[in-house]
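Shown next, in structure tokens, is the structure this report addresses.
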Amino acid sequence: MHCPGGCPEIVEEAEDLAANPCKKISKQLTKFPAMRQGLVDLATTTSQDTENGIYALDDYAGTEPDAIKTIPEGTAGELEINANPPTPYVMLAHTHNSPADSTYSVFSWEDLTTISLLLFKDQIEVNEFVFYVITADGTRYAMTINNKEKFMQYIFDMKKMPLGTVIDMDRIKKKSEIENEYYSKEFGNTPLIKENSNPDDDKLNFLKMMKKADIGADLFEVDATFTTYTKLTLNNTNTIIPTPCQ
């Protein structure tokens, strides 16, 4: 698409969706009529001992029979995401499998660095993208991204990055600090978020991690029918403030 002098309507819509992530989610669920049921059905698989997932791609009208696609079944704690889809992702949803004390109740570091890699490769349509995790702990979260550069700043895994990628030492140091505090178990480290930690504590610590990393994203708690979305933020005393989407 080419607009001499720019495309103001498209720019304004993108800015509006970034400022109002609730609208981004509701617009997507309207565009893809089968998505809500697809998420409900995906949630029934958390009792399995393997991860499962679904996704949607850009350039779909949303009503096609194959608009919601299935990711091939994974293994315990792992799901292979295609890093080179034919068009960018607008939705990715996956499970954290049973038993509950062997998987995370929130997004894992692996989940986040996978999204960071897809952003790096321009394989996510940020203005539409919603990322879901549904866990064996009974938790359901959605995440939207409002600032691609902020998300990639400290959320990355050098082992996943294309050969030759250069990242300055200050970023690596800050990334390691965040990963070590919240997720890494290397060298006997005890992180705040673990597979067997309390889900309520995990929710709070995940929000603290988002705040510390200035991640450029918004987190939502979702009900079992994927109808009610509640945005979660922290106030100045690190108390969780829930704000239902209207």
Side-chain angles (χ1 to χ4, degrees), residues 39-54 71-81 92-117 130-143 151 154-160 174-213 215 217-226 228-235 237-242:
L39 291 164
V40 170
D41 293 344
L42 180 62
T44 66
T45 69
T46 57
S47 59
Q48 298 177 10
D49 60 2
T50 56
E51 287 197 6
N52 294 277
I54 59 175
I71 301 171
E73 183 177 0
T75 59
E78 292 187 13
L79 193 65
E80 190 69 30
I81 304 297
L92 271 171
H94 73 296
T95 61
H96 286 175
N97 57 266
S98 292
D101 62 0
S102 70
T103 57
Y104 291 98
S105 70
V106 292
F107 293 103
S108 67
W109 187 256
E110 178 77 14
D111 295 340
L112 298 175
T113 57
T114 295
I115 297 304
S116 185
L117 175 62
V130 185
F131 186 37
Y132 291 89
V133 66
I134 308 164
T135 80
D137 290 280
T139 57
R140 294 164 298 276
Y141 294 104
M143 178 183 287
F151 194 100
Y154 302 120
I155 306 296
F156 59 87
D157 183 344
M158 286 299 298
K159 296 189 294 294
K160 294 180 181 178
K174 179 72 172 181
K175 167 262 184 190
S176 297
E177 177 186 326
I178 293 166
E179 183 182 6
N180 289 340
E181 181 173 2
Y182 292 97
Y183 283 105
S184 177
K185 301 188 198 71
E186 289 188 352
F187 310 114
N189 184 55
T190 302
L192 292 171
I193 299 173
K194 302 182 290 295
E195 293 90 339
N196 61 352
S197 44
N198 181 282
D200 287 334
D201 293 338
D202 292 343
K203 176 168 56 177
L204 176 60
N205 284 319
F206 189 82
L207 286 165
K208 287 181 178 179
M209 183 278 296
M210 291 178 65
K211 185 177 181 179
K212 183 168 186 174
I215 199 174
D218 295 291
L219 184 69
F220 301 82
E221 207 162 28
V222 190
D223 78 324
T225 65
F226 292 85
T228 302
Y229 288 70
T230 303
K231 185 178 176 181
L232 304 177
T233 55
L234 293 180
N235 65 12
T237 61
N238 283 332
T239 299
I240 297 176
I241 306 300

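No close placement of the Tyr182 and Phe206 rings is indicated, their centers lying 6.0 Å or farther apart. For Phe131 and Phe107, the ring centers are positioned less than 6.0 Å apart.
The closest donor-acceptor contact from the side chain of Thr103 to the backbone of Asn97 lies under 3.5 Å. Here the side chain of His94 pairs no donor or acceptor atom with the backbone of Val133 at under 3.5 angstrom. The closest donor-acceptor contact from the side chain of Arg140 to the backbone of Asp223 lies under 3.5 Å. Side-chain atoms of Thr95 come within 3.5 Å of backbone N or O of Asn52 as a donor-acceptor pair.
Note that CD1 of Ile71 is 10.0 Å distant from CD of Glu80, once rounded to the nearest 0.5 Å.
Relative ring orientation between Phe220 and Tyr229 is described as perpendicular, the plane-to-plane angle rising above 60° on a 0-90° scale split at 30° and 60°.
Of the charged side-chain nitrogens involved, none lies within less than 4.0 Å of a carboxylate oxygen, so that Lys231 and Glu221 do not count as a salt-bridged pair. A salt bridge links Glu195 with Lys185; the closest basic N to acidic carboxylate O contact falls under 4.0 Å. Electrostatic pairing of Lys208 and Glu181 does not count as a salt bridge here, judged by no charged N lying under 4.0 Å from a carboxylate O.
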> Going through the checks in order, is the side chain to side chain contact (heavy atoms under 4.5 Å, CB included) test met by Leu207 and Thr233?
Replying inline: CA-CA 7 Å; Leu207 286 165; Thr233 55; over 6 Å; no

>> Does Lys174 form a side chain to side chain contact (heavy atoms under 4.5 Å, CB included) with Lys212? I'd like the steps, not just the answer.
In response: CA-CA 10 Å; Lys174 179 72 172 181; Lys212 183 168 186 174; 4.3 Å; yes

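Here the closest heavy-atom approach between residue Ser197 and residue Leu192 is recorded as OG-O, 4.2 Å. A pairwise comparison of heavy atoms in Val130 and Ala142 identifies CG1-CB, 4.0 Å as the closest pair.
Looking only at atom types and distance, the side chain of Asp41 has no donor-acceptor partner in the side chain of Thr44 under 3.5 Å away. In summary, the side chains of Asn235 and Thr237 do present a donor paired with an acceptor at a separation below 3.5 Å, with no hydrogens or angles considered. Checked by atom type, the side-chain pair Glu73/Thr50 shows a donor-acceptor distance below 3.5 Å. Judged by distance alone, the side chains of Ser184 and Asn189 never bring a donor and an acceptor atom under 3.5 Å apart.
In this structure, Ile241 and Leu232 have side chains that are not in contact, with every pair of non-hydrogen atoms separated by 4.5 Å or more.
Every side chain to side chain donor-acceptor pair (under 3.5 Å) that Thr113 has, sequence neighbours left out, goes to Lys160.
Checked options Asp202, Asp137, Asn196; the residue passing with Ser105 is Asp202 (criterion: side-chain hydrogen bond (donor to acceptor under 3.5 Å, both in side chains)).
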